[in-house]
Protein chains: 2
Amino acid sequence: MFTLEQVRGFVAVAEELHFGRAAVRLNITQPPLSRQVQKLEEELGVKLLERNARGVRLTPAGAAFYDDAVRLLRLAQNAPDTARKIADGWSGTLRVGFTGGSAMHFLGGLLTRMSVDLPDVNLELNELVTSRQLKSLTSGDIDLGLGRPPFDHSQFDNLLVQSERLVAVIPVAHPLTHLRRPLVGTDFAGVDFIMHSPSQARYFHDLTTVVLAGHHVQPVHTVSQVLTIVELVAAGRGVALVPESASRLAISGVRFMPLIDDTPPVELHAVWFRDNTNPALPRLQAMLTRHVNDSYSASHHPKNALD
Amino acid sequence: MFTLEQVRGFVAVAEELHFGRAAVRLNITQPPLSRQVQKLEEELGVKLLERNARGVRLTPAGAAFYDDAVRLLRLAQNAPDTARKIADGWSGTLRVGFTGGSAMHFLGGLLTRMSVDLPDVNLELNELVTSRQLKSLTSGDIDLGLGRPPFDHSQFDNLLVQSERLVAVIPVAHPLTHLRRPLVGTDFAGVDFIMHSPSQARYFHDLTTVVLAGHHVQPVHTVSQVLTIVELVAAGRGVALVPESASRLAISGVRFMPLIDDTPPVELHAVWFRDNTNPALPRLQAMLTRHVNDSYSASHHPKNALD
DNA sequence: CGTCATTACGGAATGCGTAATGATA
DNA sequence: TATCATTACGCATTCCGTAATGACG
């Protein structure tokens, strides 16, 4: 196989049509250049140049090879740059997993910010429940997750990116809607209740359990999707606790009612595998930190880091 | 600059994900391969591979560089082939000059034959009078001409590709049309005559002069294009001598009449500069020779080598 | 301790630069 | 004879293969 040095030599000669000038351009002397081109021709089995005493001409084969040679050199010059850019994290691909419901809202702001701060980093998005996210993080199928606690801190690092209130969603005809104050656990005693799935939506399930704090309710359904829960409430099947952002769902027949202030918030975290080597990941982490700080300081919506 | 050998080494490792197997594939031992990849990484300033005791993984930068590396190797492998094909004359470009009028008919057959015998050779066509063809041949602007004798045999080689009869073209109302025999020079004595331009169509001018052989005619026009001549004849301005193929021109008001058998034929030659180095030229010459022979032996139209 | 990858080292090959030679107008 | 390109030759570098070492389960 021929050498890129030989190709560089040939291209220089083909452009200067003069071994001397070409050698100067390459910062070498003529003899090595002459030999480079000879070797190249020998390697190809093709005469690329027509030499005569006062200069050089390209053969037809030489003219054709020149085109390919230029392409070759351009590729050989650019390839390292793109590799370096990726190694530095300023380019490449990040695969992100996110939970179906309320992470959506956060993703919008994230994508907008990405297109400004990391325009050459491509994002691949996968909707996954938190448990699947964690598995995919360790297996290397995704680089970053947007999910709900808890996380195994021996393997994962995380960053709180969104925090919102938990609210009660209640059919408009329900007696609870007559209360003119934030609700407390006691208010739900004996009420028909739609529970989050303990396997598919463990975080919400546990949160709800904490709020109810032993007050006995009547579980009438166990559901994984927030949207489904709100629809069941609208159908009058019961009452439920959902994140405040669910009130943006345009579903009639329900009322969203606040809970008392000491109710734990619904948190969304960015989470990543500590051993992940994707160079773009630190860039995204830094961007997320900046982004969250910007939102907290500049906006008056401390409940949501990205509003 | 890195080496193609290094790239080959890296690609092998990237595909095998194992230095040992990659080395076997490249017919070298592991240590040189290891050093090749190290040098490449050093050259790029980028870690391409993540080594651990039981194997190798690609870094994101390595995965990106792998794509470029494969492109690079493919290009490096194909470029010599195309160059060789051109050097052998089986590919590339031939620039052909041809005289306006009757060479057209020949060109049709030539192009058809080219598409079968030399499908990868591209033809660039230029309409040029013979004198310009010869200049362009020596300057290298064209590789082959289709023109009329004479040629300077010290510089040019040529091949007769088409030979046709000279005929008289006469207005239908002209007294000469009453003759029921081939015409001779004497028949044109004192007749109004349309002459070919001695500069632009010297060959036809000289041929006509030979046929008339001193019988005095009345030159009423001097014209370079055969088509124009026939149109002038149709307009009754005089009589002229043109190649037989001109009878294919659909112009009414004229009669084409044969001349006696010993009239010199109108010849079309392929002509080329002996110093031309285009490797496709010998291929075309060989094809033309075959083609002319085929036509002479297979057809019953000995007057036109390509009918 | 077995599996890989890397470092150490000696010999062969490659490739530069300087100097000499060849070809051509 | 002047201008280029090529060949000759010596020295430094590069690069292979074999052998030894190191890292990690």
Side-chain angles (χ1 to χ4, degrees), chain A residues 1-59 61-62 66 76 138-140 155 274-275 277, chain B residues 1-59 62 66 76 138-140 154-155 274-275 277:
Chain A
M1 175 142 306
F2 56 85
T3 302
L4 285 176
E5 287 304 311
Q6 292 168 359
V7 176
R8 276 167 59 85
F10 165 69
V11 166
V13 176
E15 286 173 355
E16 299 287 350
L17 293 178
H18 190 290
F19 275 78
R21 286 194 296 273
V24 168
R25 196 168 108 178
L26 298 171
N27 292 314
I28 58 173
T29 54
Q30 293 92 329
L33 177 57
S34 190
R35 285 188 301 252
Q36 277 179 5
V37 178
Q38 283 173 36
K39 280 236 164 170
L40 179 60
E41 291 179 318
E42 193 180 317
E43 200 78 47
L44 303 181
V46 169
K47 252 216 352 254
L48 300 174
L49 298 171
E50 202 74 60
R51 288 97 156 154
N52 61 51
R54 72 155 72 276
V56 172
R57 262 180 23 205
L58 281 169
T59 65
Y66 170 78
T138 49
S139 69
Q155 289 193 84
R274 196 170 291 119
D275 294 350
T277 58
Chain B
M1 174 140 307
F2 56 85
T3 303
L4 285 176
E5 287 304 312
Q6 292 168 358
V7 176
R8 277 167 58 86
F10 166 70
V11 167
V13 175
E15 287 173 354
E16 300 286 350
L17 293 177
H18 189 288
F19 276 78
R21 286 193 297 273
V24 169
R25 196 169 109 180
L26 298 171
N27 291 315
I28 58 173
T29 53
Q30 293 94 327
L33 176 58
S34 189
R35 285 189 300 253
Q36 277 179 4
V37 177
Q38 280 172 37
K39 280 239 161 172
L40 179 60
E41 290 178 319
E42 192 180 317
E43 200 79 47
L44 302 181
V46 169
K47 243 198 24 236
L48 300 174
L49 298 171
E50 202 74 59
R51 287 95 157 156
N52 62 50
R54 73 156 72 276
V56 172
R57 261 180 24 204
L58 281 169
T59 64
Y66 170 77
T138 49
S139 70
S154 72
Q155 290 194 84
R274 197 171 291 120
D275 295 349
T277 59

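FYI, side chains are in, hydrogens and waters are out, and symmetry mates aren't considered; it's all heavy atoms of this structure.
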*Asks:* For Gln38(A) and dA5(D), is the shortest distance between a side-chain N/O and OP1 or OP2 below 4.0 Å?
*Replies:*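 For dA5(D), OP1/OP2 do not have a side-chain N/O of Gln38(A) under 4.0 Å.
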*Asks:* When you measure from the side-chain N and O atoms of Arg51(A) to the phosphate of dC4(D), is any distance below 4.0 Å, counting only OP1 and OP2?
*Replies:* no
*Asks:* Separation of Arg8(A) atom CZ from dG15(C) atom P, in whole Å?
*Replies:* 15 Å
*Asks:* Give the rounded distance in Å between these two atoms: CG of Leu49(A) and C1' of dA23(C).
*Replies:* 17 Å
*Asks:* Strictly below 4.0 Å: does Thr29(A) bring a side-chain N or O up to OP1 or OP2 of dG17(C)?
*Replies:*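 Answer yes for this pair, as a side-chain N or O of Thr29(A) is under 4.0 Å from OP1 or OP2.
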*Asks:* Arg35(A) CZ to dT6(D) P: how many Å, rounded?
*Replies:*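 Going from CZ in Arg35(A) over to P in dT6(D) covers 11 Å.
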*Asks:* Calculate the interatomic distance between Glu5(B) atom CD and dC16(D) atom C1'; express it in whole Å.
*Replies:*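 Distance check: Glu5(B) CD to dC16(D) C1' gives 12 Å.
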*Asks:* Counting only side-chain nitrogens and oxygens, does Lys39(A) get under 4.0 Å of the OP1 or OP2 atom of dT14(C)?
*Replies:* no
*Asks:* Taking CD from Gln30(A) and P from dT3(D), how many angstroms apart are they, rounded to a whole number?
*Replies:* 13 Å
*Asks:* Rounded to the nearest angstrom, tell me the gap between atom CD in Glu42(A) and atom P in dT14(C).
*Replies:* 11 Å
*Asks:* With the side chain counted from C-beta on, respond yes when Met1(B) and Glu43(B) share a heavy-atom pair under 4.5 Å apart, and no when they do not.
*Replies:*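 The answer is no, as the side chains (C-beta and beyond) never meet within the 4.5 Å cut-off.
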*Asks:* Does this structure show an ion pair linking Glu15(B) with Arg8(B), if we count only N-O contacts that are shorter than 4.0 Å?
*Replies:*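 So Glu15(B) does not pair with Arg8(B) through a salt bridge.
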*Asks:* For Leu48(B), does its backbone N or O pair with a side-chain atom of Thr59(B) as donor and acceptor, under 3.5 Å?
*Replies:* yes
*Asks:* Base, sugar-phosphate or nothing for Gln36(A)? Non-hydrogen atoms, less than 4.0 Å.
*Replies:* sugar-phosphate
*Asks:* Before giving the answer on side chain to side chain contact (heavy atoms under 4.5 Å, CB included), spell out for Leu49(A) and Glu41(A) the whole-Å C-alpha distance, their side-chain angles and the decisive distance to 0.1 Å.
*Replies:* CA-CA 9 Å; Leu49(A) 298 171; Glu41(A) 291 179 318; 4.1 Å; yes
*Asks:* Please compare Pro31(A) and Thr3(A) by the position of their nearest nucleotide in DNA chain C and report the one closer to 5'.
*Replies:* Thr3(A)
*Asks:* To the nearest Å, how far apart are Leu33(A) CG and dG15(C) P?
*Replies:* 13 Å
*Asks:* Where the side chain of Arg51(B) meets the backbone of Val56(B), is there a donor-acceptor pair that is under 3.5 Å apart?
*Replies:* no
*Asks:* Taking atom P of dT14(C) as reference, at what distance in whole Å does atom CZ of Phe2(A) sit?
*Replies:*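 To the nearest whole Å, that distance equals 18 Å.
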